[in-house]
Amino acid sequence: MPFVYTTTGFPPGDASFVASQLQVGLGDTTKEWSQEVRFSSPEDRALRYTVGGYWYDVEAREQEIGVIARTLPADSQGLCPCFGFNLGDVIFGPWFGPNGDLGSTSIIEDDANSWALFGAIEYDFLEDFTVRAELRYTDEEKEVFRPGANDGAGLGAKDSWDYFTGRVSVDYRVSDYSMVYAYVARGEKSGGFDTDDVT
């Protein structure tokens with residue numbers, strides 16, 4: 001990673017160097033469970049349908065401790081000069097020690113669960129002409145927590161989303177080797193959290 005620093009001497013100047021970094025992880029754990037149940041009609045009928053439900057649950061825990069960036073030029077007087085102040089000394093300074101800032105531990109706990117109901121129906125109007133409609137309702141909840149933040153009291157955030165998604169399609173089989181089709185669909189994705197700025 002490149003760093004800008006203030007050189008020794010008078011007047012001091014600016015220079016840059018590249019320092020290798022090492023971030024030590026304490027091991028992450030993830031517990032995940034999902035299940036889908038669906039019922040479909042026989043495929044040999046002109047009118048076919050599918051209905052079902054889905055459930056998803058995940059618990060994740062990420063653990064990281066500080067960064068080591070040992071390479072520091074001999075003529076360094078300070079890191080990342082900005083408006084006459086070595087701002088980088090405050091931000092990056094702890095990295096350039098015998099053990100970096102390995103005493104700093106970051107733990108992030110992520111929980112999410114989601115359930116959905118869905119259905120689809122399709123019909124062969126003619127032997128080579130099929131129309132299809134699909135609809136899905138999703139309800140999702142997410143929570144993130146940083147136990148060590150806010151002087152040990154912890155910081156967290158929680159939110160939920162629910163939405164409908166769907167698709168309508170038309171297929172026309174021109175021959176045994178070609179097909180013309182058209183789709184109109186709506187998709188949506190739930191939000192998330194910036195774990196570096198959980199409040």
Give a yes or no on whether Tyr172 and Phe125 share a hydrophobic cluster (residues Ile, Leu, Val, Met, Phe, Trp, Tyr; joining criterion: side-chain heavy atoms under 4.5 Å apart). yes
side-chain contact (heavy atoms from CB on, under 4.5 Å) evaluation trace for Glu32 with Tyr56: CA-CA 8 Å; Glu32 188 172 347; Tyr56 173 77; 3.2 Å; yes
Tell me the closest heavy-atom pair linking Thr138 and Ser114, and the distance in Å. CG2-OG, 3.7 Å
Considering the options Arg48, Arg167, Arg45, which one meets the salt bridge (charged side-chain N to carboxylate O under 4.0 Å, His left out) requirement together with Glu122? Arg48
For the pair Arg132 and Asp171, find out whether any cationic side-chain nitrogen is under 4.0 Å from an anionic carboxylate oxygen. yes
Listed by chain and number, what are the side-chain hydrogen bond (donor to acceptor under 3.5 Å, both in side chains) partners of Arg61, not counting sequence neighbours? Glu109
Would you check, one step at a time, whether the test side-chain contact (heavy atoms from CB on, under 4.5 Å) holds for Phe118 with Glu36? CA-CA 10 Å; Phe118 58 86; Glu36 180 176 293; 3.9 Å; yes
No-hydrogen, no-angle side-chain donor-acceptor test under 3.5 Å, Tyr5 and Asp75: yes
Does the ring centre of Phe96 sit less than 6.0 Å away from the ring centre of Phe3? yes
Decide salt bridge (charged side-chain N to carboxylate O under 4.0 Å, His left out) for Arg136 and Glu134; before the verdict, give the C-alpha distance in whole Å, the side-chain angles of both, and the deciding distance to 0.1 Å. CA-CA 7 Å; Arg136 183 183 185 99; Glu134 304 166 62; over 6 Å; no
Just by distance, with hydrogens left out, do Thr165 and Arg186 show a side-chain donor and acceptor under 3.5 Å apart? no
Smallest separation among heavy atoms of Thr8 and Gln77, with atom names: CA-OE1, 3.5 Å
Go through the side-chain N and O atoms of Ser190 and Glu140 and say whether any donor and acceptor fall under 3.5 Å apart. yes
Can you give each donor-acceptor pair under 3.5 Å made by side-chain atoms of residues 9-21, sequence neighbours left out, with the distance rounded to 0.1 Å?
none

Minimum heavy-atom distance between Ser40 and Thr50, given as atom pair plus value: OG-OG1, 3.1 Å
Within the 3.5 Å criterion, strictly below it, is a donor on Thr130 or Asp124 matched to an acceptor on the partner's side chain? yes
Any chance you could lay out the side-chain contact (heavy atoms from CB on, under 4.5 Å) test for Tyr49 and Tyr123, step after step, and finish with the verdict? CA-CA 9 Å; Tyr49 63 88; Tyr123 183 68; over 6 Å; no
